[in-house]
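Structure, as structure tokens:
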Amino acid sequence: MEQNNQVIDNVIIKFAGDSGDGMQLTGTQFTNTAALFGNDLSTFPDFPAEIRAPQGTIPGVSGYQLHFGSVSIFTPGDECDVLVAMNAAALKANMRFLKKGGTIIANTDGFDPKNLRLANYADGANPILDGSLEGYRLVTMDVTKMTRSALSESGLGIKEIDRAKNMFVLGFLYWMYNRDMSATEKFLTEKFGKKPDILDANLKVLRSGYNFGETSETAATRYTVNPAPMPAGVYRNIMGNQATAMGLIAASQKCGLDMFLGSYPITPATDILHELAKYKNFGVRTYQAEDEIAAICSAIGASFGGKLAVTTSSGPGIALKTEAMGLALMLELPLVIINVQRGGPSTGLPTKTEQSDLFQAIYGRNGEAPIPVIAARSAADCFDTVFEACRLALEFMTPVIFLSDGYIANGSEPWRFPKADQLKEIKVNFTTENNNDGKYLPYKRDEKLSRPWAIPGTKGLEHRIGGLEKQHETGNISYDPENHEFMVKMRAAKVAKIADFVPNQTLDNGAEKGKLLILGWGSTYGPIKGAVIEARKKGYDVSHAHIRHLFPFPKNLGEMIKNFDQVLIPEMNTGQLLSIVRDKFLVDAIGLNKVKGMPFATGEILNKIEELLK
Amino acid sequence: METIQSPESPKLTSKDLVTDQEVRWCPGCGDYSILKQVQTVVPELDIPRENLVFISGIGCSSRFPYYMETFGMHSIHGRATAIASGLKGARPDLSVWIISGDGDSLSIGGNHFIHLLRRNFNVNLLMFNNEIYGLTKGQYSPTSEEGKITKSTPMGSVDHPFNPLALALGAEGSFIARSMDRDPVHLKDMLRRANAHIGTSFVEIYQNCNVFNDGTFEIFTEKSSKKEQTIFVENGKPLVYGQNADKGIKLDGFTPVIVNLSDGHSANDLWIHDEKDLVKAGILSRFFERPAEGSGHLPRPFGVFYENNRSCYEVGLNQQVEEAIAKKGKGNLDALLSGRETWEIK
């Protein structure tokens with residue numbers, strides 16, 4: 001038949017199926033292929049909290065959204081162009097994310113009476129047969145049947161055969177988007193190299209899916225999405241948690257200290273522990289502690305011993321670490337505390353994203369307890385930001401909180417990675433000489449107000465530190481009222497001074513003066529960036545600044561804000577940065593807030609810009 | 001735990017371990033004796049002073065590091081064990097001593113306590129047990145007896161106490177011992193043994209709080225009753241005690257039975273203490289009756305109940321790093337950053 005080839009500049013595909021259907025793998029494979037081809041892209045996995053919710057039900061639906069294009073891509077996209085639905089529940093759960101007139105690729109076997117019932121469709125209703133999807137482009141195929149017939153002579157059991165279903169869909173999509181399958185073939189060969197029968201089955205089904213596209217009359221159109229114009233350089237695809245792990249290793253190499261990670265498994269931070277555990281040959285020691293408290297305390301012990309100490313967690317775990325964070329601050333030891341935020345409060349929405357731990361990071365401790373806070377804005381930016389967190393911790397002898405969130409932690413994007421020698425060295429000087437005529441002064445400060453780091457094993461510098469208030473310079477216990485106030489102010493001044501050593505806030509887009517500044521932090525970067533580009537195309541006077549250093553703020557931030565008539569702060573919380581900015585700069589900033597466990601859609605921000613500037 | 005000595009270091013004296021800080025325990029507190037015994041024993045161990053680290057939690061006992069002229073950390077309640085685990089994991093070369101109390105180790109820090117023993121880091125854990133919360137001015141602790149009347153339990157505590165040694169055995173502890181503040185010779189011996197053991201050495205030290213729980217261990221520590229109410233166990237020796245060493249313990253199956261040696265029972269029939277025997281250590285740890293008036297109950301044991309040698313966490317942790325380096329070579333940052341698949345845009 002006649003096949004039509006259409007060139008498009010971007011497309012959003014959502015892969016949705018049962019959590020056992022392998023949709024995450026299908027999505028990642030397509031992503032890698034698109035990345036290698038040179039498309040810009042952004043991804044967002046959306047999986048249930050339950051590992052295996054009952055098969056065929058809506059709670060069991062696992063999704064993976066990929067946005068790729070020949071143009072710059074900033075977000076995984078608001079609504080998808082193509083929805084792959086492996087069963088009725090996947091369709092039902094995702095219809096609201098599909099564009100009007102979008103394409104549905106449905107596995108008919110997943111729409112049998114049992115699946116329809118499990119997805120709570122009314123008796124007798126079947127969306128792929130009853131015309132209720134009118135207005136959409138419906139492509140149906142019996143993936144199960146075709147997979148089974150492709151493997152009828154493989155000798156494999158039905159369970160193993162059905163497990164290859166996702167490869168059929170992947171093959172079909174590769175055909176539909178004119179993709180080369182060699183990256184996936186290579187991946188499968190590495191994954192199943194030791195199980196030749198499984199490898200053959202997967203390769204065969206992958207090709208069957210591709211050939212099905214070629215020969216069937218199901219979908220008449222193929223699409224070409226050309227490579228995107230991106231700055232010259234060598235790229236790879238990276239997920240946020242992976243970038244965080246790499247940033248930590250890079251910092252460890254650049255400061256010359258082995259890394260010690262104390263951690264306790266928690267969604268969505270655990271992958272950082274998994275990643276780091278693979279890299280012991282970089283001198284990384286990972287310690288899976290008995291609880292969140294032991295995780296941070298072990299890291300404090302390692303820091304006392306002279307290592308680059310790190311603890312990783314998410315909101316509820318951070319809550320448990322709070323007291324120990326106060327200790328690290330009193331001890332003035334370097335420590336990097338990573339919070340991959342998720343929906344809260346309490347257990348909240350473990351697999352969903354939110355930015356609601358900013359107050360917790362900045363204020364959430366007993367006493368006057370200032371700890372620097374910095375946040376990453378995208379998957380790749382986790383690398384640079386966590387590297388910066390390590391630098392601040394080591395150069396200023398302080399715990400530092402690094403904020404990421406579920407959206408960028410599991411999302412991926414192309415990354416023009418640096419060369420090792422382009423990364424700045426981080427200066428660490430263990431003190432080996434007495435800094436005093438008499439006894440060594442563990443709390444004698446330098447020009448940064450930072451104290452010396454004399455580690456156990458250093459002859460003549462034996463000293464004691466602890467959580468009780470300490471006397472200026474000597475570090476001895478002190479209950480003197482004047483000294484306490486002095487030390488409280490000193491610790492605050494030390495953290496405030498960090499602002500002298502961080503870059504000024506810059507604008508990401510737009511003029512330095514104008515009608516509207518959008519101020520963002522963390523993972524709202526992509527949607528804000530996309531919205532501001534759109535708005536400026538439409539002629540709106542809007543600028544965008546994205547804050548990495550949240551505490552202390554860059555020194556020029558107040559001045560920057562005052563150059564705009566209005567300030568809009570979009571956040572995935574009820575207005576935390578908003579309160580801080582209003583408090584700190586006495587500016588009547590406006591919030592745009594979303595707490596649905598979902599990232600902003602570019603359109604939501606664009607609408608707000610239009611509303612404010614109309 | 002044992003740490004390799006450094007031959008060129010000049011010999012330490014106990015004076016070298018005294019800090020310039022005024023010791024602030026109540027006059028008459030049992031902690032003074034423990035501090036003194038530690039300061040006496042440590043110089044014998046030939047560990048360079050800069051390699052010694054004392055880590056404590058919160059409580060009266062936890063002021064200890066401030067009085068030791070070594071590296072030290074006075075941390076937060078219950079967490080000294082967790083901090084020491086990280087330190088030892090990161091720095092196996094150090095001699096790490098944890099100073100804790102019954103509330104610190106068994107109540108707020110109970111979780112870290114059992115996991116430290118299970119992992120068997122090569123550290124020493126000295127738990128000063130005074131069966132009371134002293135620093136907060138006298139509330140019952142997880143080792144206080146049932147019915148204990150304190151400010152928080154005016155009608156008597158309804159809590160059943162822990163048996164710390166049985167708990168430590170259950171948590172896979174590899175060195176379990178008990179001593180007391182009032183027996184300096186025995187305490188010093190236990191400290192030496194603890195240091196010599198490779199693995200987590202847990203020493204429970206009965207310590208008198210003369211302000212909030214005075215005399216709680218008096219029956220074990222006072223000359224008049226000590227010999228009848230305690231038994232000091234030694235490896236390979238029969239379980240003999242009593243005013244005139246005239247009583248012994250014999251095992252009838254798994255049941256310990258008191259026998260009178262003057263009744264014609266021979267010391268040859270008695271239970272011979274074997275520190276390697278986990279089953280017997282379990283039985284011995286259950287000699288835990290509250291001393292009643294009169295006789296007939298089992299005496300309270302002191303000494304090393306159990307010792308075995310098994311691998312230490314920090315050894316495995318660091319071996320894996322070495323193995324990974326041997327297998328894959330030292331990490332190459334550029335290779336890590338580029339990963340397996342890259343593409344170039346020109």
Side-chain angles (χ1 to χ4, degrees), chain A residues 32 35-38 183 227 230-237 246 249-250 253 258 260 262 279-285 287 289-291 293-294 297-302 304-307 309 323-324 327 331 417-420 439 456-468 476-477, chain B residues 19-21 48-56 58 65-66 68-79 81-91 93-94 111-112 114-115 317-318 320-321 323-325 327-334 336-346:
Chain A
N32 285 346
L36 290 172
F37 183 69
M230 297 204 278
V234 183
Y235 287 77
R236 63 170 291 171
N237 193 41
M246 284 185 192
I249 294 174
Q253 298 280 304
D258 280 352
F260 182 97
Y279 298 114
K280 296 189 201 297
N281 62 325
F282 283 86
V284 175
R285 284 155 183 83
Y287 179 68
E290 59 272 23
D291 60 28
I293 297 170
C297 285
S298 63
I300 290 172
F304 186 53
K307 303 294 174 188
E323 187 195 16
L327 175 68
L331 300 178
F417 55 91
K419 283 267 176 212
K439 289 193 69 72
T458 313
K459 203 173 167 66
L461 301 191
E462 295 85 353
H463 65 280
R464 276 66 54 195
I465 55 178
L468 282 170
N476 292 330
I477 299 173
Chain B
T19 68
D20 59 357
Q21 298 296 294
R49 189 171 66 175
E50 64 272 17
N51 286 352
L52 286 159
V53 186
F54 282 78
I55 296 186
S56 64
I58 294 290
Y66 290 117
M68 289 295 294
E69 188 59 51
T70 63
F71 281 91
M73 189 195 294
H74 177 220
S75 75
I76 44 179
H77 206 9
R79 320 299 172 206
T81 33
I83 291 169
S85 299
L87 177 62
K88 187 69 183 179
R91 293 286 307 276
D93 57 312
L94 300 172
N111 197 27
H112 314 308
I114 56 176
H115 288 276
L317 179 70
N318 289 288
Q320 287 192 346
V321 170
E323 275 169 30
I325 293 171
K327 210 167 135 190
K328 301 186 198 165
K330 247 189 173 345
N332 176 322
L333 189 54
D334 278 315
L336 172 75
L337 297 181
S338 71
R340 283 184 178 179
E341 288 176 312
T342 61
W343 67 95
E344 191 173 0
I345 298 204
K346 288 184 181 156

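All values below come from the heavy atoms of this structure, side chains included, with hydrogens, waters and symmetry mates left out. A note on names: the letters A, B, ... follow the listed sequences, proteins ahead of strands, and every chain is numbered from 1.
Both the backbone and the side chain of A:Pro418 come within less than 4.5 Å of a heavy atom of chain B. Only the side chain of A:Asn32 comes within less than 4.5 Å of a heavy atom in chain B; its backbone stays farther off. At a 4.5 Å heavy-atom cutoff, the contact between B:Asp20 and chain A is made by side-chain atoms alone. Looking at A:Ala309, neither its backbone nor its side chain comes within 4.5 Å of chain B, counting heavy atoms on both sides. Interface residue B:Glu69: backbone and side-chain heavy atoms are both found under 4.5 Å from chain A. Of the atoms belonging to B:Val321, heavy atoms from both backbone and side chain fall under 4.5 Å from chain A. At a 4.5 Å heavy-atom cutoff, the contact between A:Lys307 and chain B is made by side-chain atoms alone. For A:Phe260, the part sitting under 4.5 Å from any heavy atom of chain B is the side chain, from C-beta outward, and nothing else. For A:Ala250, the parts lying near chain B are the backbone and the side chain together; criterion is any non-hydrogen pair under 4.5 Å.
Listed options B:Met68, B:His74, B:Arg340 were ranked by heavy-atom pairs under 4.5 angstrom with chain A; first place goes to B:His74. Looking only at heavy-atom pairs under 4.5 Å with chain B, the residue among A:Cys297, A:Gly467, A:Pro227 that has the most is A:Cys297. Each of B:Leu317, B:Thr342, B:Val53, B:Leu52 has some count of heavy-atom pairs under 4.5 Å with chain A, and the biggest count is that of B:Thr342. For the set A:Pro456, A:Ala232, A:Ala183, A:Gly305, the entry with the most heavy-atom pairs within less than 4.5 Å of chain B is A:Pro456. Residue with the most contacts toward chain B among A:Gly233, A:Ala294, A:Pro231: A:Gly233 (heavy-atom pairs, distance under 4.5 Å). Of the listed residues (B:Pro65, B:Gly89, B:Gly78), the one with the most heavy-atom contacts under 4.5 Å to chain A is B:Pro65. For chain A, the option among B:Ile114, B:Leu336, B:Asn332, B:Ile325 with the highest count of heavy-atom pairs below 4.5 Å is B:Leu336.
One finds the CD1 atom of B:Ile55 at 10.5 Å from the CD1 atom of A:Ile300 (value rounded to the nearest 0.5 Å). Taking CD1 of B:Ile345 as the reference point, atom OH of A:Tyr235 lies at 5.0 Å (rounded to 0.5 Å). To the nearest 0.5 Å, the span separating CE on A:Met246 from CG on B:Leu337 amounts to 6.5 Å. Rounding to the nearest 0.5 Å places CD1 of A:Ile465 at 4.5 Å from CE of B:Met73. Of the inter-residue distances, the one linking B:Thr19 atom OG1 with A:Glu462 atom CD reads 12.0 Å to the nearest 0.5 angstrom. Taken from CD in A:Gln253 to NZ in B:Lys330, the straight-line distance is 8.0 Å, to the nearest 0.5 Å.
Taking both residues in full, the closest heavy atoms of B:Ser85 and A:Tyr287 are given as CB-OH, 3.6 Å, listed atom of the first, atom of the second, then distance. Minimum heavy-atom separation, A:Gly457 to B:Asn51: CA-OD1, 3.3 Å. Across every non-hydrogen atom of A:Phe304 and B:Leu87, the tightest pair is CD2-CD2, 4.2 Å.
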Set out, in order, the CA-CA distance, both residues' side-chain angles and the distance that settles side-chain contact (heavy atoms from CB on, under 4.5 Å) for B:Ile83 and A:Leu327, then state yes or no.
CA-CA 11 Å; B:Ile83 291 169; A:Leu327 175 68; 3.9 Å; yes
Worked check of side-chain contact (heavy atoms from CB on, under 4.5 Å) between A:Arg285 and B:Asn318
CA-CA 8 Å; A:Arg285 284 155 183 83; B:Asn318 289 288; 2.4 Å; yes
Run the side-chain contact (heavy atoms from CB on, under 4.5 Å) check on B:His112 and A:Ile293 step by step: do they pass?
CA-CA 9 Å; B:His112 314 308; A:Ile293 297 170; 3.9 Å; yes
Would B:Tyr66 and A:Asn476 count as a side-chain contact (heavy atoms from CB on, under 4.5 Å) here? Give the steps.
CA-CA 8 Å; B:Tyr66 290 117; A:Asn476 292 330; over 6 Å; no
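The main-chain N or O of B:Ala324 is never found under 3.5 Å from a side-chain atom of A:Asn281 such that the two would form a donor-acceptor pair.
For B:Arg91, the salt bridge (Lys or Arg N to Asp or Glu O under 4.0 Å) partners two or more places apart in sequence, or in a different chain, are B:Asp93.
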